[in-house]
Amino acid sequence: MIARPVYAVLEREVVRMVRQRARLVSAMVRPLIWLFVIGAGLGSFVGTTQGIGYQAFLVPGVIGMTALFGAMLAALTTVYDKESGVMRMMIIAPLPHYWIVVAKMLSAALAAVLQALLLIAILAALGLLGPSTRYGLLAIALPATALACAGIGMITASFSRTLDNFAAIMNFVIFPVFFLSGSLYPVRELPDLLRWIALANPYTYGVDLLKHAALPAGRMGADFAVSTDLAVLAGFTLAALLAASWRFSRESAYEPMIHVLAGKRG
Amino acid sequence: MKPADGVGSLSAISATGLIKRYGETAAVNGLSLEIPAGEFFGLLGPNGSGKTTTIHMLATLIRPSAGEIRIAGLDAGSNPVEVRRSIGLVFQESALDRTLTVAQNLRFAGLLYNLAPRVIEQRAGALLELFGLSDQRNKPVAALSGGMRRALDIVRGVLHEPQILFLDEPTIGLDLPNRRRIWRFIEQLRARTGMTVLLTTHYLEEADGCHRVAFIRKGALVESGAPGELVTRLGRHVIEVESAALDRVIGVLEPELGPPLVEADTAYFRFPDEDLDGLARIQSGLGDSVSAWRVRRPNLNDVFLWVADSGKLTR
């Protein structure tokens, strides 16, 4: 019953992603810049630790980054959907309104996974994925991270009325989530305050899981156990889904969002 | 009143004592409606009178503060999903993804209604044909004209073959040829499917084709009936009087004709009799203070203005 409507939302996301090539290209260029500019620049400065150069250390971080940006941007289209007619199509459809949140969250995660897979293919082609890469774990880490990122995105979207404050969302949500995680440095090496913030950041555990998959264990490797990462990601994803659904059905099924949506005049 | 010909006795839409409060103000205030299956019903009223709020409550998008709604026999409060399955709603503003093509939009909409892709394909083909949009199938919605977009919005609204269709100002913002075209589509759809249609509009000449219309004012129904009957209830004639000294003219005419509707320097009086003989005597008492004196048949616009002004037709 509900499979087709959810599929409709996923399909629309993929159609849009394929058509918006600029979005796809920039999603690939952004991590590669980090890898080749920051990775190479800082790498020559910090040297190698246990045979791992900074550039290699950054690989799981930039895969996570692609998932984070991909999921966030896709989830934030929910706000755009509110402004355009698409949300009207969804709220009048015969499904409980929380399914809209589920479908949008899944579609954001799907967009993130597809973009991350494309990046992984590029990294593999460039020889940047080490021989110790555990692809099986990667196949779990990627969707788990993408879902958690989509969760962050859906919560943000459900509290944003318009995309006018997109720059603010970039500055106050996406960048902090990225920088205050283990993407760019091992969490255990961080000063206390930053470490505590990173520990509270669900995205940290996604990157950590990616480190498990892409880096050998050691000082430059993952900070937490795989089970810890999965538990935190699953718990956060569920909590985010509930929070966004609650917020959304409170808002949409019933005022005041409907007036914005329907362009109430009389 | 009795349902129109060809209209069943089963209620498609039934609302009792609907109230919607936003803080202190009541957007809808004690509205009751009974619309039999198959009826073509027009909900008319000025901007801000509560038409859209009423439609959104009937469509389960807004929860009423009080009152009961039954749609196709289902209680809207406890079965919103089932109700939404049996209705179609064309919003005042477009409910389409402008970045997707016509066909992609209909596929998206159809899948949301759990229709099989093959069924969507078939129905979309037939409806696009009917609405003259077959050539636009693979164009992005953003490239369509306003009239085409509105037509597509209606296609989107009826793709799942609802029993009841809500149209919220379906022709707003369109030019005359496009308005006519949209009306022809709605007429053809009704003829083909027999669906119940509830529409709001403020182009009143368009509501002439409705079986029944109801006027809504300050969130409550004030008058309802067949358009012709309402017009007759207003009067047999409307007398328009223009004068620079309108107050004096009204002073003379009001005792004879009842209170007028006044707009700028024109007063509109209702005249109940078919026979106009009595008018000459009244007119002669005015002297040369009147610059224009017109007698014409009333129409739904007059009913609208009268109801909007005084809230009722009976004196």
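Below, read A as the first sequence line, B as the second, and so on, with proteins coming before strands; counting in each chain starts at 1. Predicted, not measured: the structure shown is a model, and the values here were computed from it.
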Any chance the rings of Phe178(A) and Trp34(A) have centres within less than 6.0 Å? yes
Without hydrogens or angle criteria, can the side chains of Ser94(B) and Arg149(B) be said to hold a donor-acceptor pair below 3.5 Å? no
Steps toward side chain to side chain donor-acceptor pair (under 3.5 Å) verdict (Glu206(B), Thr171(B)): CA-CA 9 Å; Glu206(B) 296 178 340; Thr171(B) 55; 3.0 Å; yes
If I measure from the heavy atoms of chain A, does Gln104(B) come under 4.5 Å with its side chain, its backbone, both, or neither? side chain
Answer yes when Arg156(B) and Asp97(B) have at least one side-chain N-carboxylate O distance shorter than 4.0 Å, and no when they do not. no
Taking side chain as everything from C-beta outward and backbone as N, CA, C, O, which of these in Arg107(B) sits under 4.5 Å from a heavy atom of chain A? Side chain, backbone, both or neither. side chain
Would you say that more than 12 heavy atoms from the other residues, nucleotides or ligands in this model lie under 6.0 Å from the CD of Glu205(B), or not? yes
Select, from Val9(A), Leu95(A), Val15(A), the one with the greatest count of heavy-atom pairs under 4.5 Å involving chain B. Leu95(A)
Chain B contact residues among residues 101-124 of chain A, heavy-atom distance under 4.5 Å: none
Chain A contact via Ile55(B) - side chain, backbone, both or neither, heavy atoms under 4.5 Å: neither
Are Asp75(B) and Ser78(B) close enough that a side-chain donor and a side-chain acceptor fall under 3.5 Å? yes
Short side-chain donor-acceptor distance under 3.5 Å, Ser181(A) and Asn201(A): no
Below 4.5 Å, heavy-atom pairs only: which of Thr99(B), Thr200(B), Leu89(B) has the largest tally toward chain A? Thr99(B)
Less than 3.5 Å apart, any donor N or O on the side chain of Thr193(B) or Glu161(B) sitting next to an acceptor on the other? no
Quick check for you: among Ala116(B), Gly157(B), Pro117(B), which has the greatest number of heavy-atom pairs under 4.5 Å with chain A? Ala116(B)
Think Arg12(A) forms a cation-pi with Phe108(B), using NZ or CZ under 6.0 Å from the six-ring centre and within 45 degrees of its axis? yes
Top contributor to chain A contacts, counting heavy-atom pairs under 4.5 Å, from Val81(B), Asp153(B), Leu100(B), Leu111(B): Leu111(B)
